[in-house]
Amino acid sequence: MTVGLLLDQLCDVVEEVIKRLTEPTESRRHLYGSIARNMVKTFQAYLPNCHRTYSCIHCRAHLANHDELISKSFQGSQGRAYLFNSVVNVGCGPAEERVLLTGLHAVADIYCECCKTTLGWKYEHAFESSQKYKEGKYIIELAHMIKENGWDSEPITNNH
Ligand SMILES: [Zn+2]
């Protein structure tokens with residue numbers, strides 16, 4: 001047997017091993033699935049039940065505490081939007097410069113980390129001094145939120 005042939009055989013074996021390792025079996029797939037579910041559970045943040053909170057209307061993940069609400073008078077692409085000081089369970093896309101009604105801003109789209117729905121945007125940077133108060137704050141469109149806990153069954157409306 002030549003060295004070349006041996007190498008060929010060795011390559012075949014290595015290839016087979018790699019194929020088996022990367023091809024998830026049914027049980028491994030099941031294991032990955034449960035790990036993924038547990039990770040979501042572990043990393044999803046829960047706000048205190050005693051507070052009025054806003055949740056994702058699509059998956060009910062908590063998004064913000066009512067105490068973190070700064071302003072209700074913002075306009076999103078789908079109607080009214082709220083400005084929050086801080087949010088939870090929210091991921092952030094890359095920042096980009098956009099000219100808004102109030103001037104040039106660097107903003108990043110934000111999305112629900114649980115169901116991946118785009119919720120609104122984050123103000124990364126405001127170029128005009130009058131708009132600086134929005135930096136680092138989050139806009140969530142009303143269309144993506146539901147009120148929970150102690151709101152006296154008051155529905156979300158656009159008439160504030
Ligand atoms: Zn969601």
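All ligand and atom numbering here is 1-based and tracks the order in the structure. Please read these numbers as outputs of a predicted model, since none were measured by experiment. We number each residue from 1, following the sequence as shown.
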Looking at residues at least two apart in the chain, or sitting in another chain, which of them share a side-chain contact (heavy atoms from CB on, under 4.5 Å) with [X]?
X      : answer
Glu128 : Ser130, Gln131
Ile57  : Ile146
Ala108 : Cys92, Ala95, Glu124

Report task. Using modelled atom types only, decide if a donor and an acceptor are shared between the side chain of Arg52 and the backbone of Lys147 within a distance under 3.5 Å. Result ->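 Between the backbone of Lys147 and the side chain of Arg52 there is no qualifying donor-acceptor contact (under 3.5 Å).
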
Query raised in the report: Do Asn85 and Lys137 touch side chain to side chain, with heavy atoms closer than 4.5 Å?
Result: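 A side-chain contact exists here, since the closest heavy-atom pair is under 4.5 Å.
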
Query - Centroid-centroid distance, His66 to His51, less than 6.0 Å - result: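 His66 vs His51: aromatic centres not under 6.0 Å.
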
Query raised in the report: How about the Zn ion (ligand 1), which protein N, O or S atoms come within less than 2.8 Å?
Result: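 Those protein N, O or S atoms (cut-off: under 2.8 Å from the Zn ion (ligand 1)) are Cys56 SG, Cys59 SG, Cys112 SG, Cys115 SG.
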
